[in-house]
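Heads up, the thing below is written out as C-alpha cells.
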Amino acid sequence: MKKLLAAFVSLTMLAATLTGCGGGNQTQNSSNPETSQAATENAQTDTKSGEKALVYVFIKNRGDLSYWDSIAAGGDRAAKEFADKADVKVIETTVDLTANLTAMYEAADAGAKLIITAGDYKDNLVEIAQTYPDIACVTISEDIVDKAPNIYGFDFRVSEASFLAGIVAADRAKQDGKDTLGFIGGMDEVTVIQEFFVGFIQGVKYFDPNMKIVYNYVGDWGDPDTARTQALAQYNDAGADVIFACAGGSGNGVHTAAAEVGKYLIGVDSDQSLMYETDKNIQSKFVTSVLKKCDNAVFDVISKYLAEGTLPFGKMDVLGVKEDAVGIVENDLFNQLVSDEGKAKLQQAKDEVSSGKVEVKGAIGREQTEIKAMIDEMTK
C-alpha cells in the first residue's frame with residue numbers, strides 16, 4: 001500500500017509541475033494541538049524492546065571531500081558503534097529529487113524509525129514527515145521544524161569555526177611580520193558566507209585588534225580565474241599574508257594564487273589540503289580549513305534517539321564549538337605553520353567560547369543592512 005502511495009505521490013508531483021502548481025500536493029501541517037501531540041508521541045520508539053531501530057541517512061553523493069562525506073561518516077560510524085541496537089543505512093540518491101522521494105517512501109515502507117537528511121531534500125523530508133507521523137525526521141541546516149510535529153533540526157555556528165581560523169591566520173601573519181589578512185567569498189549578500197566572514201574578522205581581532213582585513217566577492221561559485229585575480233591583488237597589492245577562501249569552486253583560484261606567490265590560505269567545509277596530495281606546492285600553503293563537523297552531529301542525534309526513543313521535535317538546535325560540531329583542521333601542516341603562542345591563544349579561545357565568556361556574533365538572522373554595517377565597523 002505504501003509503495004502504491006509513493007508512486008501516486010510522485011505522479012501527483014509530476015502533474016503539479018507540468019501545470020505550474022508549485023508544491024501543490026504537500027499535506028498541510030495540522031494546527032490542532034491534540035493531533036500534533038499524537039503525532040509527536042507516534043514518532044517515539046521503545047529502543048529497550050530488543051528490536052533494532054531502522055535508521056536512514058540520505059545523502060546526495062559520496063566523494064565530495066566535504067559536506068556530504070561528513071554526513072555519511074556520521075551514519076557510517078553509528079552503523080558500526082550501534083550495530084547491536086540499530087540498522088543504520090546511508091543511502092546515496094544524487095540530485096534527482098524524485099528518486100530521493102521514492103527512496104524515502106521505500107525506507108518508510110521498510111519500517112524506518114528515523115530519517116536524517118540535509119537541505120537539498122528538505123521538501124521531500126517534509127512530505128515524509130507529514131505522511132508518516134510515526135517516523136522521527138531530522139533536518140540538517142534547514143529550518144523546517146514547523147512543517148510537521150515530528151521534525152527536529154540542527155544547524156551550525158560556523159561563525160565560531162571561522163573565529164578560530166581567524167586566530168591562526170593572524171598568528172601566521174604575525175610570524176611573517178605582516179599585519180594584513182584577506183577574505184574572498186563566492187557571492188555578496190549570501191548570509192551563510194557572511195556568517196563565515198564575520199566570525200573570521202572577530203577571530204583576527206581577538207588575536208590582534210590592529211590587524212587589517214581586505215575582502216572581495218567573486219560573484220560566482222564556479223569562477224576560479226576571477227578568484228585567482230582577486231587573490232593575487234590581495235597578496236601582492238594589499239599585502240595580505242593569509243586569505244580565507246570561502247567561495248565554492250571559485251576558491252580553487254585562491255589555492256593556485258597562494259602557491260604562485262608563496263603566501264598562505266585557509267580552506268572551508270573540509271580539509272581542502274587533501275585535494276592536493278599530488279601537488280605539494282599548493283598543499284603546503286594551507287594553514288588550516290574551517291569545518292562543520294556534520295559527522296559528529298549526525299552520530300550524536302542517532303545516539304540520542306536510540307538512548308531516549310525520541311528527539312526534541314519542533315526545535316532547531318544551533319551547534320558550535322561547545323558541542324564539538326564546528327572547528328578547524330589541526331593536522332601536520334597546522335602544527336608546522338602555527339606557533340606555540342598561536343596554539344595557546346586558540347585553546348584559550350575554544351575554552352572561552354565553550355564557556356560563554358566570549359560570544360561570537362553571527363550574520364544569520366540579521367538583515368543585510370545590519371550585516372554590512374557590522375562588517376564595515378569590524379574591518380575599520
Side-chain angles (χ1 to χ4, degrees), residues 47 53 55-83 85-86 88-92 114-121 125 136-143 145 151-165 168 192 195-196 199 266-274 288-308 310-312 315-331 334 346-347 349-356 360 362 364:
T47 57
V55 177
Y56 282 82
V57 181
F58 285 96
I59 64 169
K60 181 188 289 186
N61 61 283
R62 289 185 185 265
D64 69 340
L65 297 177
S66 187
Y67 188 64
W68 295 107
D69 272 356
S70 184
I71 292 172
D76 293 341
R77 179 182 163 201
K80 291 179 180 178
E81 295 200 20
F82 302 129
K85 61 180 69 173
V88 181
K89 301 178 182 293
V90 179
I91 306 297
E92 182 179 359
L114 172 63
I115 292 177
I116 302 171
T117 196
D120 293 58
Y121 307 123
L125 187 69
C137 296
V138 176
T139 172
I140 304 172
S141 299
E142 289 287 346
D143 189 354
V145 298
I151 301 178
Y152 164 70
F154 60 84
D155 204 347
F156 302 89
R157 290 192 182 90
V158 295
S159 57
E160 292 185 358
S162 53
F163 178 84
L164 303 180
V168 300
V192 67
E195 176 84 357
F196 281 109
I266 289 171
V268 71
D269 285 339
S270 67
D271 183 355
Q272 290 194 305
S273 71
L274 297 177
T288 188
S289 293
V290 170
L291 301 175
K292 290 180 183 178
K293 298 183 180 181
C294 298
D295 53 343
N296 288 351
V298 168
F299 178 85
D300 288 347
V301 79
I302 294 173
S303 175
K304 182 178 179 65
Y305 180 77
L306 294 176
E308 301 179 9
T310 188
L311 293 169
K315 185 178 181 183
M316 188 76 186
D317 281 327
V318 184
L319 311 174
V321 169
K322 181 180 179 179
E323 296 82 12
D324 194 27
V326 301
I328 60 174
V329 172
E330 299 182 34
N331 56 11
F334 168 90
L346 178 65
Q347 187 57 56
K350 289 178 182 178
D351 293 341
E352 291 183 345
V353 171
S354 295
S355 69
V360 181
I364 293 174

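Small disclaimer: the values here were computed from a predicted structure and weren't measured.
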Next item on the list: Determine yes or no for a side-chain-to-main-chain donor-acceptor pair under 3.5 angstrom, with Glu92 supplying the side chain and Ile59 the backbone.
Entry: no
Note to self: I'd like to check Asp76 versus Arg62 (side-chain heavy atoms, cut-off strictly below 4.5 Å). Are they in contact?
What the structure shows: yes
Next item on the list: In sequence, state the C-alpha distance, the side-chain angles, and the governing distance for Leu114 and Leu311, and then conclude on side-chain contact (heavy atoms from CB on, under 4.5 Å).
Entry: CA-CA 10 Å; Leu114 172 63; Leu311 293 169; 4.0 Å; yes
Item checked: Rounded distance [0.5 Å steps], CD1 in Ile115 versus CD1 in Ile91 -> 10.5 Å
Checklist line | Expected output: side-chain Thr288 to main-chain Val329 donor-acceptor under 3.5 Å | finding: yes
Under 3.5 Å, sequence neighbours excluded: what are the donor-acceptor pairs made by side chains of residues 318-328?
from: Glu323; atom 1: OE1; to: Gly320; atom 2: N; distance (Å): 2.7
from: Asp324; atom 1: OD1; to: Lys293; atom 2: NZ; distance (Å): 2.6
from: Asp324; atom 1: OD2; to: Asn296; atom 2: ND2; distance (Å): 3.2

Note to self: Suppose we screen for salt bridge (charged side-chain N to carboxylate O under 4.0 Å, His left out). Which residues come up paired with Glu352, at least two apart in sequence or across chains?
What the structure shows: Lys357
Check: Can any side-chain N or O of Asp69 pair as donor or acceptor with the backbone N or O of Gly63 at less than 3.5 Å?
Finding: yes
Note to self: Working to the nearest 0.5 angstrom, can you tell me the gap between Leu306 CG and Phe82 CZ?
What the structure shows: 6.0 Å
Margin query: As a quick check of understanding, evaluate side-chain contact (heavy atoms from CB on, under 4.5 Å) for Asp143 and Asp155, giving each step before the final call.
Written below: CA-CA 8 Å; Asp143 189 354; Asp155 204 347; over 6 Å; no
Next item on the list: Check step by step if side-chain contact (heavy atoms from CB on, under 4.5 Å) holds for Phe334 and Asn331.
Entry: CA-CA 5 Å; Phe334 168 90; Asn331 56 11; 3.6 Å; yes
Notebook entry, point to check: Looking only at heavy atoms, what is the nearest atom pair of Ala73 and Asp295, with distance?
Noted result: CB-CB, 4.0 Å
Notebook entry, point to check: If every non-hydrogen atom of Val88 is compared with every non-hydrogen atom of Gly75, which pair is closest and at what distance?
Noted result: CG1-O, 3.5 Å
Next item on the list: For residues Gly119 and Glu142, report the shortest heavy-atom separation together with the two atoms involved.
Entry: CA-CG, 3.2 Å
Notebook entry, point to check: Do you know the tightest heavy-atom contact between Val145 and Tyr152?
Noted result: CG1-C, 4.0 Å
Note to self: When you compare the side chains of Gln272 and Ser289, does any donor N or O come within less than 3.5 Å of an acceptor on the partner?
What the structure shows: no
Check: Is the closest side-chain heavy-atom distance between Phe196 and Asp269 below 4.5 Å?
Finding: yes
Next item on the list: Measure the spacing between CG of Leu346 and CD of Glu330 and express it to the nearest 0.5 Å.
Entry: 5.5 Å
Checklist line | Min side-chain heavy-atom separation Ser141-Tyr67 under 4.5 Å | finding: yes
Note to self: For a side-chain contact (heavy atoms from CB on, under 4.5 Å) check, start with the C-alpha distance between Val353 and Val360, then their side-chain angles and the critical distance, and finish with the verdict.
What the structure shows: CA-CA 7 Å; Val353 171; Val360 181; 4.1 Å; yes
Check: If we only count heavy atoms from C-beta on, is the Val57 to Ile71 side-chain gap below 4.5 Å?
Finding: yes
Margin query: Tell me the closest heavy-atom pair linking Lys60 and Tyr121, and the distance in Å.
Written below: CA-OH, 3.3 Å
Checklist line | Backbone N/O of Phe58 and side chain of Thr117: donor-acceptor pair under 3.5 Å | finding: yes
Notebook entry, point to check: Looking only at heavy atoms, what is the nearest atom pair of Gly74 and Val298, with distance?
Noted result: C-CG1, 3.9 Å
Check: So how far is it from Leu125 CG to Ile140 CD1, rounded to the nearest 0.5 Å?
Finding: 10.0 Å
Next item on the list: To the nearest 0.5 Å, tell me how far Trp68 CH2 sits from Ser270 OG.
Entry: 14.5 Å
Notebook entry, point to check: Does Val90 reach the side chain of Tyr56, with side-chain heavy atoms less than 4.5 Å apart?
Noted result: no
Checklist line | Ser162 side chain to Val158 backbone, donor-acceptor under 3.5 Å | finding: yes
Check: How long is the gap from CG on Asp271 to OG on Ser70, to the nearest 0.5 Å?
Finding: 12.0 Å
